[in-house]
Amino acid sequence: MPSASCDTLLDDIEDIVSQEDSKPQDRHSSRRHVIPKVRRRNTQSYLQEENSPPSDSTIPGIQKIWIRTWGCSHNNSDGEYMAGQLAAYGYKITENASDADLWLLNSCTVKNPAEDHFRNSIKKAQEENKKVVLAGCVPQAQPRQDYLKGLSIIGVQQIDRVVEVVEETIKGHSVRLLGQKKDNGKRLGGARLDLPKIRKNPLIEIISINTGCLNACTYCKTKHARGNLASYPIDELVDRARQSFQEGVCEIWLTSEDTGAYGRDIGTDLPTLLWKLIEVIPEGAMLRLGMTNPPYILEHLEEMAKILNHPRVYSFLHIPVQSASDSVLMAMKREYCVADFKRVVDFLKEKVPGITIATDIICGFPGETDEDFQETVKLVDEYRFPSLFINQFYPRPGTPAAKLEQVPAQVKKHRTKDLSRVFHSYNPYDHKIGERQQVLVTEESFDSKFYVAHNRFYEQVLVPKNPPFMGKMVEVDIYESGKHFMKGQPVLDAKVYTPSISKPLARGEVSGLRQEFRNRRGTPGSMHPTSAAARRDSGRSRMALQVQGLHPDCALGAAVGLAVAALLFAFFIKVYN
């Protein structure tokens, strides 16, 4: 059949059809001589093929994404928000890394081992030919590291644009969004709180109340990533909490790099926020306050004691001391002395009977002497903290502490082991055997043998795996204790209280979707379009969003291209019918 030569000048698209080509009426008349042959096929598999594009498709919005998060609860909250946005746009969030088309790696920069795991995961993804998007504090703080070259990065304040970054990465592009959000020159707290999210645990909502901090600790790399303090307005935080409870959440965690500093940049403070949040907490649901440094809690001791005694707030506070040596604290630029820390702890223990105080300690900070370390050992032995995070010092690149003369590695390891021995020399819960406690059941234990609950002091209580207990307030008798937990036997005929005001979302279901979006997608909370029509709708919506964001010249070019494509399509429909 003759064909148009590439060297031939075509005056019109119809010149592609030669005189020898069969005309539409010829094709139509010849159909009466064609006898169709029926081919049997598996209807179910055929429909599945129709609705599922090939696995190697590069159409954004249909791929499977695996998300891995390291680090603090703030990082985990960011990971939940990114998962929710991607799922809302049609991507399937999978827990199977090998099955995923793209890995979203959400990093932590606090310690060397966390970054090592992050780096190794990048290497593994590349070996398995996975697309990769990097998030979290490591690439935000040091985006020019060699092992990050050529890879897409989304900054800690840009997580609301994760869909754009993932789509461009799937197309084979490298995208980096590392800017900070500002309003009239003022730094904002980060991404909006009303974004869709997928909670790792449907019963627990993690709310970041601010990002960054006011300190300049010499060892901290997180400050390089999260920056200075930026707080969310109280009304936005209250709205987020209210929405969470309406979605079946029964426990809220407040998180940030320093919750105690909340509000100092916007003319308010932490107690004011907490009293507003307490107003919307349903009876039986609980609020857990995150880490606060001693200088900021000192200003609100009386008010904080009242709040921590409230029946809907865990009597629990995480106050890092880091060292019991004033000279070491000065070298760390911690802006408090050991006496300040003791004053906070002693006051709260007196005014909030039974309160759990958790703390952090760094072993082997540059310049720490044996005498300094022994002061820290004495502090732990005196207060017998039930929850103690012991960290060997790691010099993080770019921090002032990394430039100081380092304590020998063997000495750091030895001190870490010594302090661990002191911590494991006492059992904080032995005296609670025989007590009757109310506990809130929220998750399953790592070994899958028990449900995990917490009493009002946020102490871990293991209870039998009875499905009706999940998400409920249960009365138990404590019959056994370990170093980090107690075991409770449910009281016979005791009332099981349901704190949630509505049924919790299913595991993996997207939180915060508007109703019209749910209707357009079909199944409420669906993470992935289940039909070709749904995928087409999703694609059209995504195309509209992309065109709206184009430069005017690019938008004009796109419009011309779409017009030409439409003409071609109309022509071939006309010719072949």
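Atom set for the values below is all heavy atoms of this structure, side chains included, hydrogens, waters and symmetry mates excluded. All values reported here derive from a predicted model rather than from experimental measurement. We're numbering straight along the sequence, starting at 1.
The cationic atom of Lys111 (NZ for Lys, CZ for Arg) does not lie both less than 6.0 Å from the six-membered ring centre of Tyr394 and within 45° of the ring axis. For the pair Lys342 and Tyr383, the cation-pi test (distance below 6.0 Å, angle within 45°) is failed. By the 6.0 Å and 45° rule, Arg264 does not stack over the aromatic ring of Tyr296.
Considering every non-hydrogen atom in both Pro320 and Tyr336, the closest pair reads O-OH, 3.3 Å. Across Leu134 and Val132, no two heavy atoms sit closer than the pair CD2-CG1, 3.4 Å. The two residues Thr69 and Gly79 have their closest heavy-atom pair at OG1-CA, 4.1 Å. The minimum heavy-atom distance linking Gly488 with Pro490 is given by the pair O-CD, 3.7 Å. Between Ala87 and Val510, the shortest heavy-atom contact is CB-CG2, 3.7 Å. For the residue pair Ser152 and Thr169, the shortest heavy atom distance occurs at OG-OG1, 2.7 Å.
A distance of 11.0 Å separates CG in Leu462 from OG in Ser481, rounded to the nearest 0.5 Å. We find the CD1-CD distance between Ile204 and Glu80 to be 9.0 Å, quoted to the nearest 0.5 Å. Atom OG1 of Thr109 and atom NE2 of His224 lie 9.0 Å apart (nearest 0.5 Å). One distance of note links CG of Leu348 with CD1 of Ile355; it measures 4.5 Å at 0.5 Å rounding. Between the OG1 atom in Thr259 and the CD1 atom in Ile209 there is a gap of 5.0 Å [rounded to 0.5 Å]. Distance check, rounded to the nearest 0.5 Å: CG of Leu274 to NZ of Lys306 gives 13.5 Å.
For Ser208 and His74, the side-chain atoms include at least one donor-acceptor pair closer than 3.5 Å. Judged by distance alone, the side chains of Tyr458 and Arg288 do bring a donor and an acceptor atom under 3.5 Å apart.
For the pair Glu444 and Lys449, the salt-bridge criterion is not met [side-chain N within less than 4.0 Å of a carboxylate O]. Between Glu115 and Arg119 there is a salt bridge, since at least one side-chain N of the basic residue sits less than 4.0 Å from a carboxylate O of the acidic one. Salt bridge status for Arg240 with Glu205: present, with a side-chain N to carboxylate O gap under 4.0 Å. The pair Arg199-Glu247 meets the salt-bridge criterion, since a charged nitrogen lies less than 4.0 angstrom from a carboxylate oxygen. One finds a salt bridge joining Arg226 and Asp78 here, because a Lys/Arg side-chain nitrogen approaches an Asp/Glu carboxylate oxygen to under 4.0 Å. One finds a salt bridge joining Glu95 and Arg507 here, because a Lys/Arg side-chain nitrogen approaches an Asp/Glu carboxylate oxygen to under 4.0 Å. Lys64 and Asp99 are joined by a salt bridge, as a carboxylate oxygen and a charged side-chain nitrogen come within less than 4.0 angstrom of each other. A salt bridge links Asp239 with Arg242: at least one charged nitrogen is closer than 4.0 Å to a carboxylate oxygen.
Just one of Thr211, Leu229, Leu214, Asn215 meets the side-chain contact (heavy atoms from CB on, under 4.5 Å) condition when paired with Glu257; it is Thr211. Considering Leu148, Val165, Ile154 in turn, Leu148 is the only one that fulfils the side-chain contact (heavy atoms from CB on, under 4.5 Å) rule with Arg176.
By the 4.5 Å heavy-atom criterion applied to side chains, Lys130 and Asp101 are not counted as neighbours. Residues Arg192 and Tyr232 form no side-chain contact, since every pair of their non-hydrogen atoms from C-beta on lies 4.5 Å or further apart. Side-chain atoms of Lys333 and Cys217, non-hydrogen and from C-beta on, never get closer than 4.5 Å to each other. Using a 4.5 Å cut-off on side-chain heavy atoms (C-beta onward), Glu167 and Tyr91 make contact. The shortest side-chain heavy-atom distance between Asn455 and Gln438 does not fall under the 4.5 Å cut-off. When side chains are defined from C-beta on, Asp269 does not count as touching Tyr262, because their heavy atoms never get closer than 4.5 Å. No side-chain heavy atom of Val496 sits under 4.5 Å from any side-chain heavy atom of Met473. Side-chain contact between Ile67 and Ile93 is present, with at least one heavy-atom pair separated by less than 4.5 Å.
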Run Asp447 and Ser445 through side chain to side chain donor-acceptor pair (under 3.5 Å) and show every step you take. CA-CA 5 Å; Asp447 61 8; Ser445 62; 2.6 Å; yes

Would you please test Tyr451 and Lys472 for side-chain contact (heavy atoms from CB on, under 4.5 Å) and show each step? CA-CA 11 Å; Tyr451 280 161; Lys472 307 294 195 301; over 6 Å; no

For a side chain to side chain donor-acceptor pair (under 3.5 Å) check, start with the C-alpha distance between Tyr314 and Arg456, then their side-chain angles and the critical distance, and finish with the verdict. CA-CA 5 Å; Tyr314 285 117; Arg456 68 161 286 98; over 6 Å; no

Would His454 and Phe316 count as a ring pair (Phe, Tyr, Trp, His ring centres under 6.0 Å) if you check the C-alpha gap in whole Å, the side-chain angles of each, and the deciding distance to 0.1 Å? CA-CA 11 Å; His454 292 91; Phe316 167 90; 8.9 Å; no

Test Phe423 against Arg384 for side-chain contact (heavy atoms from CB on, under 4.5 Å), laying out the working first. CA-CA 7 Å; Phe423 174 58; Arg384 296 182 167 243; over 6 Å; no

Between Phe341 and Leu379, is the side-chain contact (heavy atoms from CB on, under 4.5 Å) condition met? List the steps. CA-CA 11 Å; Phe341 174 81; Leu379 182 77; 4.2 Å; yes

Does Val344 form a side-chain contact (heavy atoms from CB on, under 4.5 Å) with Asp340? I'd like the steps, not just the answer. CA-CA 6 Å; Val344 171; Asp340 292 333; 5.8 Å; no

Under the side chain to side chain donor-acceptor pair (under 3.5 Å) criterion, do Asn106 and Arg68 qualify, and how do the steps go? CA-CA 6 Å; Asn106 189 18; Arg68 172 73 191 274; over 6 Å; no

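Proximity of a side-chain donor or acceptor of Arg312 to a complementary backbone N or O of Met286 within less than 3.5 Å is not detected. Remark: the backbone N or O of Ser231 is paired with a side-chain donor or acceptor of Asp265 at under 3.5 angstrom. Under a 3.5 Å cut-off, the side chain of Gln158 and the backbone N or O of Gly155 do not form any donor-acceptor pair. Looking at Ser387, its side chain never comes within 3.5 Å of a backbone N or O of Ala358 through a donor-acceptor pair. At distances below 3.5 Å, at least one donor-acceptor pair connects side-chain atoms of Asn309 with backbone N or O atoms of Ala305. No donor-acceptor pair closer than 3.5 Å links the side chain of Asn210 to the backbone N or O of Ala230. Here the side chain of Asp258 pairs no donor or acceptor atom with the backbone of Thr292 at under 3.5 angstrom.
With a 6.0 Å radius and a threshold of 12 heavy atoms from other residues, nucleotides or ligands, Lys503 has its NZ atom at or below the threshold. The 12-atom threshold is not exceeded at NZ of Lys200, counting heavy atoms of other residues, nucleotides or ligands nearer than 6.0 Å. The number of heavy atoms from other shown groups lying within 6.0 Å of NE2 (His117) does not exceed 12.
Taking the six-membered ring for Trp and thresholds of 30 and 60 degrees, Phe389 and His318 have ring planes inclined between 30 and 60 degrees apart.
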